[in-house]
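Data block below; observations after.
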Amino acid sequence: MSGTLGRVRADLLALVPDLGTWWYAVALGPLLLAAVLLLAAGRRAAPPGHRVLHRGSMVAAGLSALGVAGVALDRPVLEASWIPSLGVSFSLRPDGLSVPLLLLTALAGVVATALHLHPGREPRPEPVDLADTDPTSPIPVVRGEDVPGLATYHACLLVVLLGALVAFLAGDAILFFVGLELVLVPMWVLVARYGDPGSDREGAALRFLLVTVVASSLVLLGILAVATATGSTDLALWAGEGGASLGRGSQLAVAAVLLVGLGLKTPVFPLHTWLPWVHATAPTAGSVLLAAVLLKLGTYGMVRLVVPVVPEGFAAWSPLLAGLGVTGIVWASLVCLVERDLKRLIAWSSVAHLGFVVLGLATGTQAGLQAALFGNVAHGLVSALLFVVVGGLKHRWGSADLGRRRAAVREVAPRLGLALVLGMAASSGLPGLAVFWGEIGSLLAAWSPAADRPEGWFRGFAVVAALGGALAVAYTVRVLREVWAGDRVEPRVPDAVLTERTALRLLGVLVLVLGLVPTLLLGVTAPFVEGVLGR
Amino acid sequence: MPDLPDVTWSDLQLPSLPLPHLPAPDLWGSPAHWAILATLLAALAGLGLTGRSNRLAAWVGVGGALLAFLATCWQLYTLTQIEGARRGAGTIGALPLGDLDAPLRLLVTWPLAIVAVTVAAVALVVQGYARWYLWYDPRYRPFAATVSLFTSAMLLVVLSDDLLLTLVGWEVMGWCSYLLVGHQSTRSAATRAASKALLVTRTADVGFVLGLLVLVAGAGTTRTTDVVRHWAEAGPSPALTAAMVLLVVGVAGKSALFPFQDWLPDAMEGPTPASALIHAATMVAAGTVVLAQLFPLLSVSGPARLLLAVLACVTMVGAAVLAFAQGDLKRLLAWSTVSQVALMLAVLAAATMGTGPDAALQHLVAHAWFKALLFLTTGWLGVLVGGTAMALMASGARRYRVLRHRFGWGLLALAGVPPFVGFFSKEAILGTAEAGTAATGGGFVPVLVLASVGATAPLTAAYCMRAWLVLSRPTAAQGHARLYEPDPVERIDDFFDEPQVVQEAEGVERAEAAISSSARMGTSALMLMTLFGGVVLLLPVWGPQAHVDLQLMAATLLLMVVSALLVRLAAGGVRTRDAAARIPAGVSLAAERGLHADLAYRVVVVTPVLALARAVAWFDAEVLDSWVRGAGVGSRLLGRVGDLTSPRRATPALALVLAGMLALAALGVVTA
Amino acid sequence: MSGLDVLFVAVGLVTAGAAALSVTSRQVLHAALWLVVALGGLAGCYLVLGAELVALVQLLVYVGAVVVLVLFALMLTRAGGVPVVTGVPQRVAAALVGAGTTVLLGGALLSAFGWGRVPIDGGGSTEVAATIFGTDVWPFELLSALLLMALVAAVAVARAPVGGQDDPSQRPDPPADVEAVQGERP
Amino acid sequence: MIRPALPYLLAAVLAGLGVYGILARRHAVLVLIGVELVLGAAGLVLVTVAQTGAAGDPGAAVLTLFVITIAAAEVVLALAVLLALFRARGHVDLHAELDAHGEEEVRGRA
Amino acid sequence: MTLEVDLSSVLPVLAPLAAAVLLLLMDAALPGRREPHLVVGALGLAAGLVAALPGLRLAVGEARSSFCLAGGWCAYRADHLVSALQVCALGAALVVLVLTWRDWSAPGPGAGAETTGRAPVVTALLLAATAGVVAVPAAGDLGSLLVALELATLPTVALVALVRTTWAADRRARAVDGAVALLTTSLVSFGLLALGAALWVAATGSTRFDGATRAEHPELLVLAAVLLVAGLAFKVSAVPFHAWTPVTYAAAPLPVTAYLATVSKVAALGGLVVVVRALGTVEGTTLVAVAVLAGASMTVGNLVALVQQDTVRLLAWSTVAQAGWVLLPLASLSAQAASAAGSYLVVYVTATLLAFVVLAAVVALGVQARPASLEAQRGLLRSHPWLALPLMLALLTLAGLPPAVAGVVAKVVALRPVLGDETWWLALVAAVNIALGLAVYLRWVAVLVAPAPRRQAGGVTAGQGEAGTGDQAAAAAAPAGDRRRVPVRLWALTGLLTALLVAGSILPVGAL
């Protein structure tokens, strides 16, 4: 079977035109160009209508996705001197670790740009008589609309994508950092300006920004410490050295700083409190990008900057990291049982999923790392899917408060309902859908961690994580019971529109494909994992 | 009692027939692939591609099941052509997980192949039946797809040679049961029951997953045969015991053993085809399949066996008693399922390596036939009379002659009356348990199992008798019965019709009065299997068997007859001929509510967990988050303080300068 | 204790005493006059140390020009019309900081150079002059620019209409002594 | 022969007195006096270093001259500014509010 | 004793000086004319700039020097870093000159009365101060350092005090207040500097900076260095020597504030670099003082900047914070550290200048009563995108956030020496301050990005001239409806500086 896949891949590769490093131009160029054009267009007194902006942005994201696909297949290496005095080069070097995330980013980009932006509006009034229905309550518009600042909105989306792609592609630590930082301001604008007007969006945006900037600063410290020790900022060289040029104390310190920084971004348990706020406030596309791309930067950073670079330091911290990850799983799942805001609930479930990812990482085994990488991508897909659904529902309902009375989604919006069921099922680790393999892999790895990890602790973590898995089902059931099932059909809300359907289909199919054939992804990451831990 | 000769099972078995050696070309993978893929693809296609057409969805669902059935039959045939009758097959390729070997392979052996055929057959019947049963249901399409998926998952469990694949099938079934039970999501009872089913089974699955982790971690592979070999070679160890105990807990959840039993009767909220599928051949029986696959490990870990035996025996007897007291036929069948599945598991606990686990699988197969038949027939009658409560069902078998044999044969098989299929499987179980007793010299577990089985048999007979008495009660006005008899049911051609929304009312009416040919055919097939399925159990392909103790058999049959007569006697004075009416009302009510297990769940698990969740949420918002909020507020406050205290006069500024200088200088001198 | 030591102690005591009075005197004018004494004493110290040129410059520039300038400023600003000293707490703090400075500096210098005696062998005036016009010509040139600019700036600032009580139309004359400073260039 | 400790001590005392003068006085001119004392202390150290052989080159003495001259230049400008201050505010109190506007801004907010 | 004199290498100092003197002479010869003076001044600065440019190409170890002794010591020594600082200072001064062109060339309202003190004088002062700034980093001995520093400081005091005669009397008085604040601090700092210099000589036995290798009294040397650093730190506005900064910045005319915030800082850093380099040659010395100063400056500066309501004050406190960043690398006392600080300073100066130029343009627009207040700039991105975008770029550069990669690289460069030394506590303080700083600048950016408020008609009345900055009175005099145009020279400056930052972001040159 894998032989067939390999052949298929070879055939596909033969079909792809060999553009070499020009792929990068295709992948990054449209984003940059379109972002600039959109920004300029938004400045005009009479900006173009939403159709033009929306389509332009989608075309840019689509083109870029094509380019990313080309990059993923061709894997060209670009090396150019950038800041010679610091020894920093502009090097783009995709590998088994980054390719899945690149593709995920491109996909998330297409989805995010495809979704319509709607002007924030007040929550729909609740029917006075709860038993009765309120046929006059307005049905919200879910198609494209002329929203003020739409051009800037799309430009911000594209810049976020650009930054994330750069970070994932970067073969140089400083370049990675630049990419990491590039996403912050547009994301901030997205939340602060286009977020839910009913909540404190400025506060949430600022919270996001400050937390992630503290995180970035710590990452920068770590990067610089390693850079001064090794005398280079080349990530491949760092990984090759395996921390040889750092003493144990330095490794511990660097690992601590980097892990705290990246843990804030990921986010890992006690540093997670910003995430639900931001998710609850961000516009749907922002949530999609945040979940599918930005959080990935944290875990990617851990795998890229910590695991191979300061192995000794990482090994020392990994029991703590794993413990925090596991705590996060249970913690977030418990909160999900009582959370009243649906969007926040989904955000909490993200925390739980990333707990599994962190647990896998911390085990230090190939199985764990593979599972973590898989779980990472799977979480990106699933939470993007869920945020598309939940964001859509929130717009339709006027708020995501579960305490409000509303029509059963299954009755009034079956397409959204199906996507919700799929997403929640995947989120609770239903096998055959993507998340399962990451979770079970993490558990397997945690039960038999690497030789230098305390086995007893990790087994305990595995037990707790398994319990967390059961809690995930509990909150899934809760959501489906409260949102999906039921007999109310008023106030009516429209079902998924074309853009949502397309996005949901795209994500749903991928969730399913990855769940059914996990080897597709595991095969891509395996060489990298072997290279890191097989030494 | 006269001295009866000893008979071993092999004496009863059919002679091995020489089958012609025909070429067995395997096109594109093995039949196992086909069986699983056909149903899986049917599920996906049913969800994604059928659009709004119920007819297409029906074709897809039934077609998938048919294909799976054919594939499993073909698989039986191919097994006869293979030396050793074991056949492995790969799936999606090994997972590249570094040191951990995860080949994800399938394996077919004779017993499992027969189980697979049974599963596929029941699924096929259920699909055909569902098309009729949900004729006017706007959600027929997702239902059909879910049934397909469910079938696929069960087949995967049955055919899997990899613990991961087993887990996949295991969990998917749990989810599908959620969707099927909660099919009528507008009814809160259905949603509640579905949630409960999923939650209870998934909670127990934590044990399953952990047990699996232990096994896999020890063996370094997920391949079941290798795991079994590894641990069997290693011999009994605490780790193995722990793993098996955990697995037993997981199985207990899925199979509704005590203390997880309560979800199953509630799951009757689902549509009847779903009940038939879940409770006859698939999910609840999956534990039996898995433990049978791991039987060598179970047999060497005493505590796990003990646990399994105790749980199963308690459940077996208790459920049989509760079944008797139910006021709803479907719930009676549900409790009966609980009891019967416990029977299968109990025999696994009692069996030794000498006898092997096949008696459990035999009972699984037998149970699949008759329980599916009973459920589907009950559903049919339910449609005709508008509910499944005993009061509504009364005289059903008299009013509708077409149902009479279906009910009668099904109940006879359930009670284990010869020559029905249940008789053979029960005898196999009794024999195996007795063999276990003999092998261990009267060990606690086999004795317990033997005693419980012995006790369950008459109890089963009793509730079967009760049901039959109610169903076959002479109708109050025989004239009415005549009215139905000339043309008992109308038929509809469901595979070529499409219910129209505008004709919904008419459709309902028709469906109430009519049965489709496919549904009728399916139940007929099941009926036949109930009668002749014993032949399958007598095939020479089953593993080493215990001998049959004719004395025991006779004693059991005698007990059954006695209990049936007692029930008849008890029913005598009751107008409805319902023996359960003799039970005090309070007891009866408690029994119908599953002895308030719900309350226990809520007190023991749900309330504490929710309280913990609230505490956690509060802590998170008020304490953990405070550092973020505090950072914001604090820095602004500090800034304000700094702004207000920053000198705006020259002299204080100079003081700051000089004091700063002094401090710095002192610092410099100290650190120099 | 050599004669030079005794001499220095004598001059030093005078200097220190005058300095102390100049920073404590409540009379503004007295303070300025005590400063004259202190700076003069300092020049004396230089003389004792054998640096005649520096002593001379000190006398000329400070006593002759700066202090005169200060006195003029005092008169022009009508003695300021403000309380002379700050409140007690600040004075205590000031004393602490001052004492700290003394301790720190004295400690550092004494610990570095000890209590021993050394001969006075500084270069003569010619050497200093040679250095100024030879080696240190660059800072010297810059210094001349500095003085020029200070002068220009002082004139401009003093003449600038600054608002407040001042009426822009009545521009006062610049301080008459500015040129005097310029004249004292070494 | 001389004990360099003596001039150093005097320099320290002068510097301390100067610092005290700077901090304890409100009158701008008196603050200026404090600064002059500190500068005097610096000069004394320099001269002592130059004259007791601690310095390798005669730059130390020249530096004293530079310090004195710079001080003079500063005093010139300082007095001009003080004059301007006096004309603008009617006092030369260094303890007076210099940033009334900012203060008012802050108070307005608080 | 022979002294090699190479006039071409000291031309960056001499050219502005000569121009200043020429200006004063011209003032005598051509009373009443203003433009020629400014042209001469600009030419002088430009000549200095051009003369300093070749220094940028120097390799490591090479230097353009003058006033050299046979032993290899030079009183003036400009290597690559120093030349870069000089170019930066001269360029920034040129920008300030252009910024202030109209102010200083325009006649006042009364016939013959001048708007700004005496325009030729202020120009001369600016030139002289710049010459001092340029001379500081090249100083080879304490004498040159002290004199050059004072040359760089004293004229700025006068510049603060010399304000437009058209301003309200109260406003002019406040300028004097600002001058007093600057003056007193600079006086005391000079006292410290002098003491430090004396101790330095006592410790090393030489006034020359190459003599430090044979320090006989290391503890004395450290004390001297601390005093020198303390004396210099006031100029760079490091905490606790910063108190004058907000007062003076808010009081001085906007161009002068810009000058203080940019060119003056070069002098301070130049002095620090000289000291640190000299100290770096001494074995086993550390300067915790610099680390403490850096940490305290950035923290206090950012915290207080966070609550400011006036952009000039915000920039003042941001200067304090940025001073911490400039000082940060110097905590490690290495040659690399000096370059790092220099690089950071260059980026900082460019960004700050850009911010001030845009601020001046906004003031020139005169649409609000208090154009420098933060609220007045709400919605600037909508109303004047081509002003707001450069301003945002400048702010992001100061914050160190992409797309202003130049700022990121500057932060990277500044942090590297600290991490090379593994001074983790300082690194962590810096990390926290990146976030704090971001909050500061993004608060401003958020105001720019926010939707514009509804402007009530006639909200501005003439006479509300007490607000923060420069062309206030004139701005207030204009009725609200009359939207004045931004002068071309401001556009040119904005464009130039933006181009510099953008170029630096695309192709960051990194360390010097």
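What you see is a predicted model, and the numbers here were worked out from it, not measured in a lab. Each chain gets a letter, A, B and so on, in the order its sequence line appears, and its residues count up from 1.
E:A243 touches chain B through backbone and side chain together, each having a heavy atom under 4.5 Å away. Using a 4.5 Å cut-off between heavy atoms, E:F234 does not touch chain B at all. Heavy atoms of E:W317 lying under 4.5 Å from chain B belong exclusively to its side chain. Contacts between E:V292 and chain B at a heavy-atom distance below 4.5 Å involve the side chain alone, from C-beta outward. Looking at E:L183, there are no atoms closer than 4.5 Å to chain B (heavy atoms on both sides), in backbone or side chain.
Inspection of non-hydrogen atoms places B:L654, B:L656, B:V657, B:L658, B:G660, B:M661 of residues 654-663 of chain B under 4.5 Å from chain E.
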Run the numbers on E:V304 and B:S646 for side-chain contact (heavy atoms from CB on, under 4.5 Å), then give the verdict. CA-CA 9 Å; E:V304 181; B:S646 85; 5.8 Å; no
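Listed by chain and residue number, B:W170 satisfy the ring pair (Phe, Tyr, Trp, His ring centres under 6.0 Å) test with B:F208 (two or more places apart in sequence, or in another chain). B:L637 pairs by the side-chain contact (heavy atoms from CB on, under 4.5 Å) definition with nothing, not counting sequence neighbours. By the ring pair (Phe, Tyr, Trp, His ring centres under 6.0 Å) test, E:W444 is found to be paired with no residue, residues two or more places apart in sequence or in another chain being considered.
Atoms CZ and CG, on B:R640 and E:L306 in that order, are 9.0 Å from each other to the nearest 0.5 Å.
For the set B:A665, B:A653, B:G632, the count of heavy-atom pairs under 4.5 angstrom toward chain E peaks at B:A665. When E:V188, E:L436, E:T185, E:V229 are compared by the number of non-hydrogen pairs under 4.5 Å with chain B, E:V188 comes out ahead.
Residue B:R636 qualifies as open at atom CZ: its count of foreign heavy atoms under 6.0 Å is 12 or below.
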